[in-house]
Amino acid sequence: MRSKTKPLGFIGKYDPQLFWSTLVLVAGITLWGIYGEESFSKAMSSAQSWISVKFGWSFMLSVSLFILFLGYMAFSKYGDIPLGQDGELPEFSYSSWIAMLFSCGIGIGFIFWGVAEPLYHYMSPPYLAAKATPGAAPVALQVSLLHWGIHGWACYAVAGLAIAYTTYRLKLPLSIANSLYGVLGDKAQGFWGKLVDFLAAFATIAGIATSLGMGLMSIRFGIKHVFHVELGTTGLVVVTLILVCGYTISAVSGLNRGIKILSNINMVLAFLVLMFFLLAGPTVFLLNLMVDSVGEYFQNFIFMSFWTDPMAQVSEGKWLGWWTVFYWCWWIAWGPFVGGFVARISRGRTIREFIFGVVFVPLVITIIWFNVVGGTALNAEITGTLEMYKAISADAGSGIFTLLTQYPLGSLVSVVVFFNLIIFLITSADSAAFFVGMIISGGELEPSTPIKLIFGGLIGSITAVLLITGGLKALQTASIVAALPFMFVMIFMMISVYVLLKKENKKQTNQ
């Protein structure tokens with residue numbers, strides 16, 4: 001069941017089919033984005049629109065099924081089974097484990113969207129709420145929690161559980177293909193297994209490149225805001241190269257040094273920023289908003305999970321495709337990457353512990369972050385203290401920096417946010433390079449340094465080139481298109497895990 005790998009000079013062991021096919025596809029897509037930006041953008045947008053319209057209902061249903069499956073696994077007799085051998089202790093402490101999975105799974109998203117998304121929903125809310133009214137504020141937070149809470153992390157948990165179980169319990173090489181072993185058996189190393197590993201590698205590279213591009217927009221504004229320097233094209237390329245060096249060094253350093261240490265620093269900085277907003281901002285308003293939004297979120301959980309807007313009552317039905325369906329596509333497309341990395345750091349956890357750690361701990365952090373940071377932005381917009389919506393409409397990356405201008409210590413905290421941004425980008429990118437390295441090297445838990453260097457450099461190069469040429473949005477759409485096949489892959493992951501656990505339980509019963 002071990003992938004057919006062979007040494008390639010200084011590179012070490014690698015899967016030649018996956019290595020070259022991934023390089024060729026990424027190079028081809030990048031060149032198309034550079035030299036045929038208009039046709040590439042049009043083709044990818046059409047594909048995404050078609051998927052949203054024709055399969056929106058299936059994404060809504062599938063993500064809900066993921067949640068039900070995880071709930072069953074956590075509370076069933078299978079919950080006590082370790083993702084490893086009996087008696088094996090967890091590889092990482094609980095705090096480091098949470099920090100790494102959070103930094104990998106969210107990355108720049110919290111800083112970028114923590115301010116912007118509640119404001120967007122406040123000005124254009126779903127469910128027939130009137131925009132820019134007192135009733136729109138709780139809806140805005142409720143929808144933000146929907147998009148960043150249980151549903152999204154359930155996608156990561158399903159993929160991570162399937163990969164971790166087959167890797168550490170069954171001792172198979174870490175890969176997306178082997179996570180389907182319960183369904184495909186030894187055929188997991190055949191055509192279909194190669195195909196899902198190939199798609200996972202591509203979706204990871206394309207997805208993280210677009211996230212780096214999004215983060216660079218925030219960093220560009222942060223440099224202007226903090227250091228009063230306007231970055232041109234050359235300056236942006238230099239910053240990108242510095243980031244590439246940073247996350248490549250981190251990936252090469254390994255999990256126990258680079259990624260773990262940076263992730264822990266990340267969480268400390270994010271906590272300091274959070275406490276600043278809570279204590280310096282409208283504290284009572286934020287606490288009231290938090291209690292209210294949590295109640296609204298859980299009260300309407302089932303309604304939001306299955307709302308497909310069949311009557312096209314909101315913006316002719318486009319809101320759902322722009323937001324919820326788009327998010328479910330994004331989380332699913334990233335499921336193999338984040339799930340694979342989370343699986344890599346979860347050796348020794350029980351299934352129950354894994355599910356609660358991957359789904360509910362991030363939910364608590366999401367609730368606090370969006371209510372405190374997003375709530376502060378809403379308060380500033382509602383009271384007229386700052387024109388926050390105008391600011392993010394002009395530059396979405398400006399949100400948190402603009403919000404800090406209303407506080408005496410805002411300039412100092414902006415510096416903290418700036419470095420938090422950089423570290424978030426590095427931890428997301430280095431975990432992506434690490435994951436692609438594992439896949440390309442046939443499931444090696446510690447891929448070779450050259451492999452990590454190659455794909456780390458490739459991610460940075462694509463980001464820089466497409467950021468300059470304007471093709472990042474189309475590349476993001478291309479990675480989202482991969483969500484359609486991955487939706488079916490993740491359904492088979494659930495079936496595979498259930499089949500394998502049932503076999504293990506039957507075997508233990510008969511002993």
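The structure presented is a predicted model; accordingly, all values stated were derived computationally and were not measured.
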Heavy-atom nearest pair, F370 first then S144, reads CD2-CB, 3.8 Å

Heavy-atom closest pair (P126 atom, V143 atom, distance to 0.1 Å) is CG-CG2, 3.7 Å

| Got P82 and R349 here, is their nearest side-chain heavy-atom distance under 4.5 Å? | no

Shortest non-hydrogen pair, S124 vs K131, comes out as N-CB, 4.4 Å

Tell me if the centroids of the rings in H151 and W328 come within less than 6.0 Å of each other.
yes

Here the side-chain hydrogen bond (donor to acceptor under 3.5 Å, both in side chains) pairs for residues 113-123, sequence neighbours left out, are E117-H121, E117-H147, E117-W148, E117-Y327

>> Checking N264 against S95: is there a side-chain donor and acceptor pair closer than 3.5 Å?
In response: no

Could you check T350 against D80 for side-chain contact (heavy atoms from CB on, under 4.5 Å), going step by step and ending with a plain yes or no? CA-CA 6 Å; T350 65; D80 293 324; 5.7 Å; no

F303 and Y127 aromatic centres sub-6.0 Å | yes

Exercise for review: Taking the side chain as every heavy atom from C-beta outward, state whether V239 and I223 have any atom pair closer than 4.5 Å.
Suggested key: yes

In this structure, CD1 of I176 is separated from CG of L199 (nearest 0.5 Å) by 10.5 Å

Pairing donors with acceptors under 3.5 angstrom, does anything connect the side chains of S293 and N371?
yes

(message) What I'd like to find out is whether the side chain of F276 reaches to under 4.5 Å of the side chain of L272, using heavy atoms alone.
(response) no

Using only atom types and a distance under 3.5 Å, with no angle test, would you say the side chain of N420 pairs donor to acceptor with the backbone of V416? no

Margin query: Working note: V361 + F356, criterion side-chain contact (heavy atoms from CB on, under 4.5 Å); need CA distance, chi angles, decisive distance, verdict.
Written below: CA-CA 7 Å; V361 173; F356 276 95; over 6 Å; no

Notebook entry, point to check: Do M490 and C155 touch side chain to side chain, with heavy atoms closer than 4.5 Å?
Noted result: yes

*Does any N or O in the side chain of E381 come within less than 3.5 Å of the main-chain N or O of Y389, such that one atom is a donor and the other an acceptor?*
yes

Minimal heavy-atom distance between A157 and F354, with the atoms involved, is O-CE2, 3.4 Å

Side-chain (D292) to main-chain (N288) donor-acceptor, under 3.5 angstrom: no

* **Flag if over 12 foreign heavy atoms under 6.0 Å of CD, E387** => no

Interatomic distance, CG@L320 vs CH2@W307, rounded to 0.5 Å, equals 5.5 Å

Can we call the ring centroids of Y297 and F301 under 6.0 Å apart? yes

For the pair S179 (side chain) and M493 (backbone), establish whether a donor and an acceptor sit closer than 3.5 Å, ignoring hydrogens and angles. no

V497 vs Y78 side-chain heavy atoms within contact, under 4.5 Å: no

- request: Give a yes or no on whether L279 atom CG has more than 12 heavy-atom contacts from other residues, nucleotides or ligands under 6.0 Å away.
  value: yes

Any side-chain donor paired with an acceptor under 3.5 Å for S346 and W97?
yes

Worked verdict on V417 versus V226 for side-chain contact (heavy atoms from CB on, under 4.5 Å):
CA-CA 10 Å; V417 170; V226 176; over 6 Å; no

Rounded to the nearest 0.5 angstrom, the OG-CZ distance for S64 and F59 is 13.0 Å

* Taking S496 for its side chain and F492 for its backbone only, find out whether a donor-acceptor pair lies under 3.5 Å. => no

### Task
Step through it carefully: locate the ring centre of F401, locate the ring centre of F418, and say whether they are under 6.0 Å apart.
no

Please state whether the rings of F337 and F435 are parallel, tilted or perpendicular, taking 30° and 60° as the class boundaries.
tilted

Taking the ring of W153 and the ring of Y156, is the distance between their centroids below 6.0 Å? yes

Spell out, as yes or no, whether a donor-acceptor pair under 3.5 Å connects the side chain of S96 to the backbone of S93. no

Looking only at heavy atoms, the pair that brings A343 and G160 closest together is CB-O, 3.5 Å

Within the 4.5 Å heavy-atom criterion, are W369 and V364 side-chain neighbours or not? no

* Asked: Is I150 close to L145 at the side-chain level, that is, under 4.5 Å between some pair of heavy atoms?
  -> no

CD1 (I351) and CE (M73) are apart, to the nearest 0.5 Å, by 6.5 Å

Check this for me, if you would: do R344 and E91 make a salt bridge, where the nitrogen-to-carboxylate-oxygen distance has to be below 4.0 angstrom? yes

Across all chains, not counting sequence neighbours, the side chain to side chain contact (heavy atoms under 4.5 Å, CB included) partners of T402 are F221, M388, A391, S398

Please check if atom CZ in F271 has more than 12 non-hydrogen atoms from other residues, nucleotides or ligands closer than 6.0 Å.
no

Interatomic distance, CD1@I382 vs CG@L378, rounded to 0.5 Å, equals 5.5 Å

Below 4.5 Å, heavy atoms only, C-beta onward: do L161 and V358 meet side chain to side chain? no

Closest non-hydrogen contact found for V196 with V489 is CG1-CG2, 3.6 Å

CE of M60 to OG of S305, rounded to nearest 0.5 Å, is 7.0 Å

_Derivation and outcome, side-chain contact (heavy atoms from CB on, under 4.5 Å), residues Q142 and L146_ = CA-CA 6 Å; Q142 173 185 323; L146 170 72; over 6 Å; no

